[in-house]
Peer 1: 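This is the structure I want to talk about, given as structure tokens.
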Amino acid sequence: HPLVTTGALGLVLGHPFDTVKVRLQTQTTYRGIVDCMVKIYRHESLLGFFKGMSFPIASTAVVNSVLFGVYSNTLLVLTATSHQERRAQPPSYTHIFLAGCTGGFLQAYCLAPFDLIKVRLQNQTEPRAQPGSPPPRYQGPVHCAASIFREEGPRGLFRGAWALTLRDTPTVGIYFITYEGLCRQYTPEGQNPSSATVLVAGGFAGIASWVAATPLDVIKSRMQMDGLRRRVYQGMLDCMVSSVRQEGLGVFFRGVTINSARAFPVNAVTFLSYEYLLRWWG
């Protein structure tokens with residue numbers, strides 16, 4: 001299944017960047033991207049960059065299928081035109097945005113517990129277990145899920161889910177609008193976009209959606225880490241106010257550079273496989 005394969009490949013390539021992004025958003029011990037990378041490598045070896053990767057890889061098939069499946073089917077309902085007819089009768093940007101928002105909303109719902117576990121594991125700064133050293137709090141994704149369930153209850157697994165939903169719902173709409181807009185701009189009317197156009201449009205769609213998503217991505221990551229030792233925030237709004245008060249407005253754009261760098265190649269490949277899938281099925 002191309003979407004699953006490219007989704008998994010994109011995850012492996014993008015995960016080290018994601019780990020650095022999560023650390024920058026939730027910890028104040030790093031001076032910047034390079035400092036964070038150097039410290040992870042020095043204390044945790046190369047493997048430190050791949051913490052928490054197994055769950056996203058296990059869930060990528062579900063998440064990508066939900067997102068693109070819901071998007072395509074919502075567009076079908078809204079426009080009553082199949083993918084093959086869509087080149088001749090392009091859907092309106094309003095329909096594209098609504099279909100993207102629907103996909104983003106449902107994706108966030110499926111993703112919430114997986115994302116929480118990924119962020120908790122990525123934030124473990126312990127090096128590889130040495131004989132005699134205390135073990136890290138979470139031994140792996142399953143142990144992490146079980147610990148959260150035991151210590152924080154079933155609701156604990158959905159910590160940060162509201163911020164995740166608010167992050168993904170509009171930004172996935174922006175994602176698909178950017179992609180479709182760029183494809184239309186550089187494709188002769190009635191034709192399918194070339195592979196080069198799909199790659200560039202997909203890459204820029206990834207950047208546009210991540211720039212829009214970063215402020216809520218920071219809040220989501222902080223909410224997910226809240227409750228690990230003691231509750232710091234009363235809720236999402238309190239998290240926003242406290243973060244700005246302590247670190248200034250710049251806090252909302254922590255990790256935006258590395259998010260954008262990761263987003264281009266990962267989303268370029270994702271959209272290329274999506275287009276091939278649609279043509280293959282069509």
Peer 1: Under 6.0 Å between ring centres: does that hold for Y175 and F271?
Peer 2: yes
Peer 1: Can you name the side-chain contact (heavy atoms from CB on, under 4.5 Å) partners of E151, sequence neighbours left out?
Peer 2: R137, S147
Peer 1: In terms of heavy-atom contacts, does CZ of F149 have more than 12 from other residues, nucleotides or ligands at under 6.0 Å?
Peer 2: no
Peer 1: Could you go step by step and tell me if S194 and Y186 meet the side chain to side chain donor-acceptor pair (under 3.5 Å) rule?
Peer 2: CA-CA 9 Å; S194 68; Y186 298 103; over 6 Å; no
Peer 1: Evaluate the side chain to side chain contact (heavy atoms under 4.5 Å, CB included) criterion for residues Y71 and T102: first the C-alpha distance (whole Å), next the side-chain angles of each, then the deciding distance (0.1 Å), finally the verdict.
Peer 2: CA-CA 7 Å; Y71 171 72; T102 309; over 6 Å; no
Peer 1: Within a reach of under 6.0 Å around CZ of F264, are more than 12 heavy atoms found that belong to other residues, nucleotides or ligands?
Peer 2: yes
Peer 1: Hey, does Y109 have a side-chain heavy atom less than 4.5 Å from the side chain of V66?
Peer 2: no
Peer 1: Ignoring hydrogens and geometry beyond distance, is a side-chain donor-acceptor pair present between E275 and N192 at under 3.5 Å?
Peer 2: no
Peer 1: Between CE of M236 and CG of L166, what distance do you get to the nearest 0.5 Å?
Peer 2: 4.5 Å
Peer 1: Report yes if the side chains of Y179 and I96 come closer than 4.5 Å at any heavy-atom pair, otherwise no.
Peer 2: no
Peer 1: For R42, does the CZ atom have more than 12 heavy-atom neighbours from other residues, nucleotides or ligands under 6.0 Å away?
Peer 2: no
Peer 1: If two hydrophobic side chains count as joined below 4.5 Å and joins carry through other members, does V22 share a cluster with L121?
Peer 2: yes
Peer 1: Are any of the side-chain heavy atoms of V38 and V34 separated by less than 4.5 Å?
Peer 2: yes
Peer 1: Side chains of F158 and L164: does their closest heavy-atom pair fall under 4.5 Å?
Peer 2: no
Peer 1: Do you know the tightest heavy-atom contact between L116 and G156?
Peer 2: CD2-O, 3.1 Å
Peer 1: Check the hydrophobic clustering (I, L, V, M, F, W, Y; side-chain heavy atoms under 4.5 Å; chains of links allowed) and say if V200 and L272 are grouped together.
Peer 2: no
Peer 1: Are L98 and Y93 connected in a single hydrophobic cluster, I mean Ile/Leu/Val/Met/Phe/Trp/Tyr linked by side-chain heavy atoms less than 4.5 Å apart?
Peer 2: no
Peer 1: Any salt bridge linking D18 with R262? Criterion: basic side-chain nitrogen under 4.0 Å from a carboxylate oxygen.
Peer 2: yes
Peer 1: Short question: side chain of T19, backbone of F49 - any donor-acceptor pair under 3.5 Å?
Peer 2: yes
Peer 1: If the test is side-chain hydrogen bond (donor to acceptor under 3.5 Å, both in side chains), which one of Q25, E247, Q27 qualifies with R254?
Peer 2: E247
Peer 1: I'd like to know whether F252 forms a side chain to side chain contact (heavy atoms under 4.5 Å, CB included) with V244, so could you lay out the CA-CA distance, the side-chain angles of the two residues, the decisive distance to 0.1 Å, and finally the verdict.
Peer 2: CA-CA 8 Å; F252 288 129; V244 171; 3.2 Å; yes
Peer 1: Might you point out which heavy atoms bring L199 and V269 nearest each other, and give the distance in Å?
Peer 2: CD2-N, 4.2 Å
Peer 1: Pair R120, N123 - check side chain to side chain donor-acceptor pair (under 3.5 Å), show working.
Peer 2: CA-CA 5 Å; R120 289 276 177 102; N123 265 306; over 6 Å; no
Peer 1: Which pairs pass salt bridge (charged side-chain N to carboxylate O under 4.0 Å, His left out) with one or both residues in residues 167-176, sequence neighbours excluded?
Peer 2: R167-D217
Peer 1: I want to check something: taking the side chain as every heavy atom from C-beta on, are C144 and I148 in contact at a cut-off of under 4.5 Å?
Peer 2: yes
Peer 1: Specify the closest pair of heavy atoms between F97 and I177, including all atoms of both residues, with the distance to one decimal.
Peer 2: CB-CD1, 3.5 Å
Peer 1: I'd like to check L67 versus F176 (side-chain heavy atoms, cut-off strictly below 4.5 Å). Are they in contact?
Peer 2: yes
Peer 1: Flag the pair D35 and K39 as a salt bridge only when some basic side-chain nitrogen lies within less than 4.0 angstrom of an acidic carboxylate oxygen.
Peer 2: yes
Peer 1: Give a yes or no on whether F114 atom CZ has more than 12 heavy-atom contacts from other residues, nucleotides or ligands under 6.0 Å away.
Peer 2: no
Peer 1: Can you name the nearest heavy-atom pair linking C101 to P170, along with the distance?
Peer 2: SG-CA, 4.0 Å
Peer 1: State yes or no: do V20 and F17 share one hydrophobic cluster built from I, L, V, M, F, W and Y residues joined by side-chain heavy-atom distances below 4.5 Å, directly or via other members?
Peer 2: yes
Peer 1: Nearest 0.5 Å, what's the CG-OG1 distance between L106 and T74?
Peer 2: 7.5 Å
Peer 1: Can you check side chain to side chain contact (heavy atoms under 4.5 Å, CB included) on Y233 and M240, steps first, answer last?
Peer 2: CA-CA 9 Å; Y233 309 116; M240 287 178 173; over 6 Å; no
Peer 1: Measure across Q224 and G160 and return the closest heavy-atom pair with its distance rounded to 0.1 Å.
Peer 2: CG-CA, 4.2 Å
Peer 1: Does the T187 side chain pair with the main chain of R184, one donor and one acceptor, at a distance under 3.5 Å?
Peer 2: no
Peer 1: Please round to the nearest 0.5 Å and tell me the distance separating atom CD1 of I258 and atom NZ of K21.
Peer 2: 10.0 Å
Peer 1: Out of I174, T171, V256, which one pairs with V211 under the side-chain contact (heavy atoms from CB on, under 4.5 Å) rule?
Peer 2: V256
Peer 1: Are L76 and L78 connected into the same hydrophobic cluster when the rule is that any two of I, L, V, M, F, W, Y join if their side-chain heavy atoms are below 4.5 Å apart?
Peer 2: no
Peer 1: Check whether Q124 reaches the backbone of Y138 with its side chain - one donor and one acceptor, N or O, closer than 3.5 Å.
Peer 2: yes
Peer 1: When rounded to the nearest 0.5 angstrom, what distance separates OG1 in T165 from CD in Q107?
Peer 2: 10.0 Å
Peer 1: Does the side chain of V119 come within less than 4.5 Å of K220's, by heavy atoms?
Peer 2: yes
Peer 1: Mind running side chain to side chain contact (heavy atoms under 4.5 Å, CB included) on V172 and F105 for me, showing each step along the way?
Peer 2: CA-CA 9 Å; V172 174; F105 180 81; over 6 Å; no
Peer 1: Compare every heavy atom of G52 with every heavy atom of P56, then report the nearest pair and how far apart it is.
Peer 2: CD-O, 3.0 Å
Peer 1: Quick one: does R159's side chain have a donor or acceptor within less than 3.5 Å of a partner on D226's backbone?
Peer 2: yes
Peer 1: Can you find a heavy atom in the side chain of H15 that is under 4.5 Å from one in the side chain of K118?
Peer 2: yes
Peer 1: Is a side-chain N or O of S72 found less than 3.5 angstrom from the main chain of G69, in a donor-acceptor match?
Peer 2: no
